[in-house]
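One structure below.
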Amino acid sequence: MQLALERLGFIVLKYHHLLYGALLFSSLAVSAQQTTLVSLSANSHVCNAESEIARLAENEQLQEMARALVEFKATKYCFILPDAANVTMLDQQTGYIKFDYKSQVLFTFSKYVIATTMAANTN
């Protein structure tokens, strides 16, 4: 019984070493990828909920009505980003992007992206 437990412990230890190696390799592969930096125009309509931005992205009239609302007063989901900003794009969907801004995941419409730059990831 003792021998079986020792073998089991060896197998578990070996498994952990293999798992650690795989995680290390995958983190190196991610580090080699490039980061997409985008510049957003001043007064971009920004949302913190992807479901809201996806719904609005489907209809230009809804976008304009929602923008008029948030220009008057920010809502639970959306606001106007007053200054132009350089952000890290995380994902791109039809009509909108997902981005990182000051460690927050936010969304905006593609029409507010004014420039795109590829940069080496610094991780």
- Item | SG-CG distance between Cys47 and Leu106, expressed to the nearest 0.5 angstrom | 9.0 Å
- Output for pair (Lys98 NZ, Thr108 OG1), nearest 0.5 Å, gives 14.5 Å
- Message: Under the ring pair (Phe, Tyr, Trp, His ring centres under 6.0 Å) definition, can you give me all pairs with a residue in residues 72-110, not counting sequence neighbours?
- Response: His45-Phe109
- How far apart are the C-alpha atoms of Thr36 and Thr117, what are their side-chain angles, what is the distance that settles it, and do they pass the side-chain contact (heavy atoms from CB on, under 4.5 Å) test? CA-CA 6 Å; Thr36 303; Thr117 306; over 6 Å; no
Kindly indicate whether the side chain of [X], heavy atoms from C-beta on, has any atom under 4.5 Å from the side chain of [Y].
X      : Y      : answer
Ile97  : Asp91  : no
Gln93  : Glu50  : yes
Gln104 : Asn48  : no
Val38  : Val113 : yes
Val105 : Leu90  : yes

- Message: Using side-chain contact (heavy atoms from CB on, under 4.5 Å), reason through Ile114 and Leu40 one step at a time and then give a plain yes or no.
- Response: CA-CA 6 Å; Ile114 54 176; Leu40 301 180; over 6 Å; no
- Over all atoms of both residues, closest heavy-atom pair of Ala42 and Pro82: CB-O, 3.5 Å
- Is it possible for you to say whether Leu81 and Ile53 belong to one hydrophobic cluster, with membership spreading through side-chain heavy-atom contacts below 4.5 Å? no
- Would you confirm whether Thr75, through its side chain, and Cys78, through its main-chain N or O, come within 3.5 Å as a donor-acceptor pair? yes
List the atom pairs, with distances to 0.1 Å, where a side-chain N or O of residues 56-70 and a protein N or O form a donor-acceptor pair under 3.5 Å, not counting sequence neighbours.
residue: Asn59; atom: OD1; partner: Gln61; partner atom: N; Å: 2.8
residue: Asn59; atom: OD1; partner: Leu62; partner atom: N; Å: 3.1
residue: Glu60; atom: OE2; partner: Lys111; partner atom: NZ; Å: 3.0
residue: Gln63; atom: OE1; partner: Lys111; partner atom: NZ; Å: 3.1
residue: Gln63; atom: NE2; partner: Leu56; partner atom: O; Å: 3.3
residue: Glu64; atom: OE2; partner: Lys111; partner atom: NZ; Å: 3.2
residue: Arg67; atom: NE; partner: Glu71; partner atom: OE2; Å: 2.9
residue: Arg67; atom: NH1; partner: Asn43; partner atom: O; Å: 2.8
residue: Arg67; atom: NH1; partner: Tyr112; partner atom: OH; Å: 3.1
residue: Arg67; atom: NH2; partner: Asn43; partner atom: O; Å: 2.9
residue: Arg67; atom: NH2; partner: Glu71; partner atom: OE2; Å: 3.2

